[in-house]
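Working notes for the structure below.
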Amino acid sequence: MITVSAPGKLMLFGEHAVVYGFPCIVTAVSERLFVSIEETDDGNITVDAPQVTNTRFVDQAIADACDALHITHHGLHISTQSGFSNKYGFGSSSAVTVATVFALATLFQKNADKKTIFDIALHTILSIQGVGSGFDVAAATYGGILTYVKGGAVLEPLHWTMDDVSFVVGYSGVKADTTALVGEVAKKREKQKLTVDRNFEAIGNIVLKAREAGDRGDWETVGKLMNFNQEYLRNLGVSTEKLETMISAAKQAGAYGAKLSGAGGGDCIIALVSKTHVSDVVQALAGCGEVVSVEMNAEGVRIEQKEEKL
Ligand code: PMV
């Protein structure tokens, strides 16, 4: 029997443009999803996932991992437990997929490296969702803060020292439909290709600048770049009144910068705040949304517990 956990994620910079090949910056968050697997001898695969409405990610992850890693078994029992609500958009599908693949690889001693886990999990996610850059799979697998390019073309850990600043997260109360929003942006691009592509390029440049500023600990610049990134997301049509209200509230309370995180349409905003202003920003966001207490830069998929069969 093995229990593993994988972290959720938040997009710091570069959403939507990343779907078109531009880099993004993603962080793993401290909220984790747990998967336990034991081999049985009844030939069946049973999945106990009380917090999810269907088990298709787990089912497909098992099929894909067994196929890719040549795992043969006599039956499996899998149970999942999420430490976070899937309403926040922290990426429970990718976390459960990565955790399932990693748990199977470890239980059956397949010695698979992180890139192999990532590739299998990404294949699972894309076969179900159809669209997506895979940034969430990267965060769940590798953890930390990463520069990421679609498909895992770039997977580069960033070593940001954030002693004097924090990201404060606020939930808008609305669940975002990522697939629909990615589709809407694609439709907009069909109609206004030049404008939308310029937008993506600008976002791509912001990502590169943010990376440099973060590397040198220039948080004021990182905050400004978040505000620029938000302007381009607004131009793409994925922001909402509610998100804008929360972003303004955070900035008025002293945040260096703030933006939506993820597809838009709802889910969360993130604000970059000096430690001295955290309580002001928390209070401001609590007045117009739900503050989610979560840390960035969390560890990637890991073993929690392993029991040898007697
Ligand atoms: O809605 P989320 O948190 O899954 O973020 C989606 C980010 C997009 O760039 C819009 C899509 C993607 O797969 O990268």
Between the main-chain N or O of [Y] and the side-chain N or O of [X], is there a donor-acceptor pair closer than 3.5 Å?
X    : Y    : value
D280 : G254 : no
T55  : V58  : no
K9   : F90  : no
S133 : F135 : yes
D267 : A176 : yes
R211 : L146 : no

Sequence neighbours left out, cut at 3.5 Å: what donor-acceptor pairs do the side chains of residues 218-225 make with other protein atoms?
| unit_1 | atom_1 | unit_2 | atom_2 | d |
| --- | --- | --- | --- | --- |
| D218 | OD1 | T221 | N | 3.2 |
| D218 | OD1 | T221 | OG1 | 3.0 |
| D218 | OD2 | R216 | NH2 | 3.2 |
| D218 | OD2 | T221 | OG1 | 2.7 |
| W219 | NE1 | G217 | O | 3.4 |

I want to check something: taking the side chain as every heavy atom from C-beta on, are [X] and [Y] in contact at a cut-off of under 4.5 Å?
X    : Y    : answer
L158 : D215 : yes
L76  : T46  : no
V18  : M11  : yes
T3   : V35  : no
E15  : I203 : no

[atom1] of [X] to [atom2] of [Y]: how many Å apart, nearest 0.5 Å?
X    : Y    : atom1 : atom2 : answer
N229 : L233 : CG    : CG    : 5.0 Å
E31  : L10  : CD    : CG    : 10.0 Å
F167 : L272 : CZ    : CG    : 4.5 Å
Y142 : K114 : OH    : NZ    : 8.0 Å
S94  : L33  : OG    : CG    : 9.5 Å

With clusters defined by side-chain heavy atoms of hydrophobic residues (ILVMFWY) lying less than 4.5 Å apart, directly or transitively, does [Y] cluster with [X]?
X    : Y    : answer
V96  : F34  : no
L155 : V149 : no
L260 : V294 : yes

### Message
Looking at E299 and R302, is there a salt bridge between them, counting it only when a charged N and a carboxylate O are closer than 4.0 Å?
### Response
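Salt bridge between R302 and E299, a charged N being under 4.0 Å from a carboxylate O: yes.
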List for me each residue that meets side chain to side chain contact (heavy atoms under 4.5 Å, CB included) alongside [X], sequence neighbours excluded, and say none if there are none.
X    : value
F200 : H16, A17, Y20, F22, V185, R189, V196, D197, L236
V174 : S172
I2   : V4, I37, A103, T106, L107, I303, K306

### Task
Apply the test side chain to side chain donor-acceptor pair (under 3.5 Å) to residues E156 and Y148: give CA-CA distance (whole Å), side-chain angles for both, the deciding distance (0.1 Å), then the verdict.
CA-CA 7 Å; E156 223 172 86; Y148 176 81; over 6 Å; no
Which atoms form the tightest heavy-atom contact between [X] and [Y], and what is the distance?
X    : Y    : value
A61  : T124 : N-CG2, 3.5 Å
L285 : A250 : CD2-CB, 4.3 Å
A105 : I71  : N-CD1, 4.4 Å
P7   : V301 : CD-N, 3.9 Å
A6   : A140 : CB-O, 4.0 Å
A253 : A284 : CB-CB, 3.7 Å

### Message
What verdict does the side chain to side chain contact (heavy atoms under 4.5 Å, CB included) test give for E39 and M1, after you've listed the backbone C-alpha separation in whole Å, the side-chain angles of each residue and the deciding distance to 0.1 Å?
### Response
CA-CA 7 Å; E39 191 175 15; M1 154 108 162; over 6 Å; no
Using a 6.0 Å cut-off, check whether atom [atom1] of [X] has over 12 heavy atoms from anything other than its own residue.
X    : atom1 : answer
Q283 : CD    : no
E244 : CD    : yes
N111 : CG    : no
Y232 : OH    : no

### Query
Can Q230 and S239 be said to form a side chain to side chain donor-acceptor pair (under 3.5 Å), step by step?
CA-CA 8 Å; Q230 176 60 23; S239 193; 3.1 Å; yes
### Task
Please test N227 against K259 for side chain to side chain contact (heavy atoms under 4.5 Å, CB included), starting from the C-alpha separation and ending with a verdict.
CA-CA 6 Å; N227 296 338; K259 61 181 276 297; over 6 Å; no
### Task
Let me see the working for V98 and V137 under side chain to side chain contact (heavy atoms under 4.5 Å, CB included), right down to the final yes or no.
CA-CA 7 Å; V98 167; V137 179; 3.8 Å; yes
### Task
Consider only side-chain N and O atoms of D119 and T116, and report whether a donor and an acceptor are under 3.5 Å apart.
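No, no side-chain donor-acceptor pair sits under 3.5 Å.
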### Task
Run the numbers on D163 and T161 for side chain to side chain donor-acceptor pair (under 3.5 Å), then give the verdict.
CA-CA 6 Å; D163 293 338; T161 313; 5.9 Å; no
### Audit row: M162, M296, side chain to side chain contact (heavy atoms under 4.5 Å, CB included) steps and yes/no
CA-CA 10 Å; M162 303 188 67; M296 311 293 137; 5.6 Å; no
### Message
Run the side chain to side chain donor-acceptor pair (under 3.5 Å) test against R56 and tell me which residues pass, sequence neighbours left out.
### Response
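Checked R56 against side chain to side chain donor-acceptor pair (under 3.5 Å); matches are N54.
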### Query
Rest of the hydrophobic cluster containing L208 (Ile/Leu/Val/Met/Phe/Trp/Tyr, side-chain heavy atoms under 4.5 Å)?
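Taking Ile, Leu, Val, Met, Phe, Trp and Tyr as members, L208 stands alone, with no cluster partners.
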### Task
Kindly determine whether D64 and Q60 satisfy side chain to side chain donor-acceptor pair (under 3.5 Å), including the steps that lead there.
CA-CA 6 Å; D64 290 345; Q60 191 62 45; 3.1 Å; yes
